[in-house]
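For this chain, numbers begin at 1 and follow the sequence in order.
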Amino acid sequence: MMKLRLIGLLFLALPFYQAHAEEKSWLENSKDWVQQLWRDDAKQWLERINFAVVNNNYKGVMVFAQGTSVESFSVDHQMNKGQETLRLKTLSGTPKELLKKGGQFQTNAQTNTQTKHVQFSSKLAAEQTSFSQFANAAENKWYKVSLAEKSRVAERPVQVVDIKAQDKLRYSYRLWLDEQSGLPLRVVTLDENKAIVEQVVFTQIQISPSKQQEAPRTIPKQKALDNPYKDIKGFKLIAKDVKGNSQHFLYSDGLSSVSLYVEPSVMKQKAQMKKDAMNGLLLSNGTTRFVALGKVPSLTLEKFLSSHSANR
């Protein structure tokens, strides 16, 4: 009789446990659903960046901080009759100026005796000044994007978007995007311990849509080259150069990049350096010297050097 009562109690309790399990499952599914919505919304915000930086006229003051180093710049961006002009001028330290006009870049740095002028055309420079590298971050499997809180930067309402690295081999990013225009008003780089190692932020800015709306140039995905060494998780060889006996290899995962320099050397040594967001490692095995540099964790560089030196 006692056994029958226990069985009866179990049957009575079963609907409760089923309901609890279903509720838990529903909550988990809801979390997944909400996270997917956040991801989709974050993707839409990021996709606004390329259009925003091209089709808005804006002037302001921007601060660039790395560790204890802080520089401030005046920024003037104009789109006039289909031609984009961007001028950056330092407001502290050595007078320097960068001018982008029609895809061409010109920079000068004044010293006590002369002003040096250098002209160059660089896709990399274009990406760094337009933040276009973040536009497709939602499609990058090595990172996870999501919406964060709403806030204010330079007296303007913004939407914060997180771009979190999915492992310890790359940095994470946090963007404050202007609600009205989609312009990045603040960008923070976070290391593998979630500490801020670099940030750029507008302290003052005036924004107005340009009269002529131009479709932003689509930056083609860089085709991966044949890598003579073992691939490091997520990093593909996108460029290489040879000068004499020295070789330079550039690797990228879409957001982060690593430069590897390889040249003959009879020395045996190992050295490490760190400056704010930048890490560097040197390894010389008596026949070849390897130097790896990048805004990535030192662990990533260690993997590069161990992989490349092992193949020598």
Side-chain angles (χ1 to χ4, degrees), residues 40-64 72-90 96-107 119-140 143 145 147 152-161 163 173-189 198-222 238 252 254-257:
D40 292 343
D41 286 345
K43 178 182 177 182
Q44 291 173 6
W45 275 95
L46 293 173
E47 288 175 344
R48 295 177 65 192
I49 292 176
N50 279 344
F51 188 85
V53 296
V54 171
N55 290 297
N56 286 282
N57 298 328
Y58 50 92
K59 291 183 179 181
V61 175
M62 183 175 69
V63 175
F64 180 68
S72 55
F73 301 83
S74 67
V75 181
D76 186 353
H77 178 274
Q78 301 292 323
M79 173 60 77
N80 186 22
K81 296 181 180 179
Q83 180 161 285
E84 182 185 17
T85 302
L86 173 67
R87 189 184 299 272
L88 299 175
K89 294 175 67 175
T90 56
K96 291 179 286 187
E97 183 175 345
L98 172 68
L99 175 65
K100 172 189 175 185
K101 192 171 184 179
Q104 296 295 318
F105 288 82
Q106 180 177 309
T107 182
Q119 287 193 351
F120 60 96
S121 179
S122 170
K123 289 184 179 180
L124 181 60
E127 291 180 11
Q128 292 300 320
T129 53
S130 69
F131 302 107
S132 62
Q133 69 270 30
F134 296 114
N136 298 318
E139 308 296 334
N140 193 320
Y143 299 86
V145 304
L147 291 184
R152 281 204 317 155
V153 174
E155 299 187 87
R156 295 181 67 92
V158 294
Q159 172 64 59
V160 183
V161 178
I163 304 175
Y173 306 90
R174 176 166 261 221
L175 281 60
W176 283 254
L177 303 180
D178 183 58
E179 280 194 354
Q180 183 179 2
S181 66
L183 275 169
L185 299 187
R186 183 183 178 192
V187 177
V188 165
T189 303
E198 182 177 283
Q199 65 175 310
V200 56
V201 57
F202 279 96
T203 56
Q204 302 173 28
I205 191 167
Q206 296 177 337
I207 306 172
S208 61
S210 60
K211 293 180 179 179
Q212 287 185 322
Q213 301 290 296
E214 296 286 332
R217 291 187 180 92
T218 301
I219 298 177
K221 290 185 179 180
Q222 292 165 310
I238 61 171
S252 175
L255 281 183
S256 303
S257 61

Practice task
Check whether any side-chain heavy atom of Ile205 sits under 4.5 Å from a side-chain heavy atom of Val153, and report yes or no.
Solution key: no

Exercise for the section: Start with the C-alpha distance between Val201 and Leu185, add both sets of side-chain angles, then the distance that settles side chain to side chain contact (heavy atoms under 4.5 Å, CB included), and finish with yes or no. Expected result: CA-CA 6 Å; Val201 57; Leu185 299 187; over 6 Å; no

Fill in the blank from the handout: Correct closest heavy-atom pair for Val53 and Glu84 would be O-OE2, 3.9 Å

Problem - Under 3.5 Å: donor-acceptor pair, side chain of Ser210, backbone of Asn55 - result: yes

Handout entry: Inter-residue atom distance Met79.CE - Thr85.OG1, 0.5 Å rounding
Key = 8.5 Å

Handout entry: Rounded distance [0.5 Å steps], CG in Leu177 versus CD1 in Ile49
Key = 5.0 Å

Exercise for the section: List the steps, then state whether side chain to side chain contact (heavy atoms under 4.5 Å, CB included) holds for Phe131 with Leu183. Expected result: CA-CA 9 Å; Phe131 302 107; Leu183 275 169; over 6 Å; no

Handout entry: Between CD1 on residue Ile207 and CG on residue Asn57, distance to nearest 0.5 Å
Key = 10.5 Å

Completion exercise
Correct closest heavy-atom pair for Phe202 and Ala154 would be O-CB, 3.6 Å

Handout entry: From CA spacing to verdict: side chain to side chain contact (heavy atoms under 4.5 Å, CB included), Phe73, Leu98
Key = CA-CA 10 Å; Phe73 301 83; Leu98 172 68; over 6 Å; no

Practice task
Show the numbers, then the answer: is there a salt bridge (charged side-chain N to carboxylate O under 4.0 Å, His left out) between Asp178 and Arg156?
Solution key: CA-CA 7 Å; Asp178 183 58; Arg156 295 181 67 92; 2.8 Å; yes

Practice task
Hey, could you give me the CZ/CZ distance between Arg152 and Arg186, rounded to the nearest 0.5 Å?
Solution key: 14.0 Å

Practice task
Working to the nearest 0.5 Å, report the span between CG of Leu99 and CZ of Arg87.
Solution key: 4.5 Å

Handout entry: Which atom of Met62 lies closest to which atom of Leu88, heavy atoms considered
Key = CE-CD2, 4.4 Å

Practice task
Would you check if the side chain of Asn136 reaches a backbone N or O of Glu139 as a donor-acceptor pair within less than 3.5 Å?
Solution key: no

Exercise for the section: Specify the closest pair of heavy atoms between Asn56 and Ala52, including all atoms of both residues, with the distance to one decimal. Expected result: ND2-O, 2.8 Å

Handout entry: Gly254 to Asn140 - nearest heavy-atom pair and separation
Key = CA-ND2, 3.8 Å

Handout entry: Stepwise side chain to side chain contact (heavy atoms under 4.5 Å, CB included) test for Trp45 and Glu179
Key = CA-CA 9 Å; Trp45 275 95; Glu179 280 194 354; 4.1 Å; yes

Completion exercise
In this structure, OG of Ser74 is separated from CD of Glu97 (nearest 0.5 Å) by 8.0 Å

Practice task
Answer yes or no: is there a side-chain heavy-atom contact under 4.5 Å between Val161 and Leu147?
Solution key: yes

Exercise for the section: Specify the closest pair of heavy atoms between Ser132 and Asn50, including all atoms of both residues, with the distance to one decimal. Expected result: CB-OD1, 3.0 Å

Problem - Heavy-atom side-chain proximity of Gln199 to Arg174 below 4.5 angstrom - result: no

Handout entry: Mutual orientation of the aromatic rings belonging to Tyr58 and His77 [parallel < 30°, tilted 30-60°, perpendicular > 60°]
Key = parallel

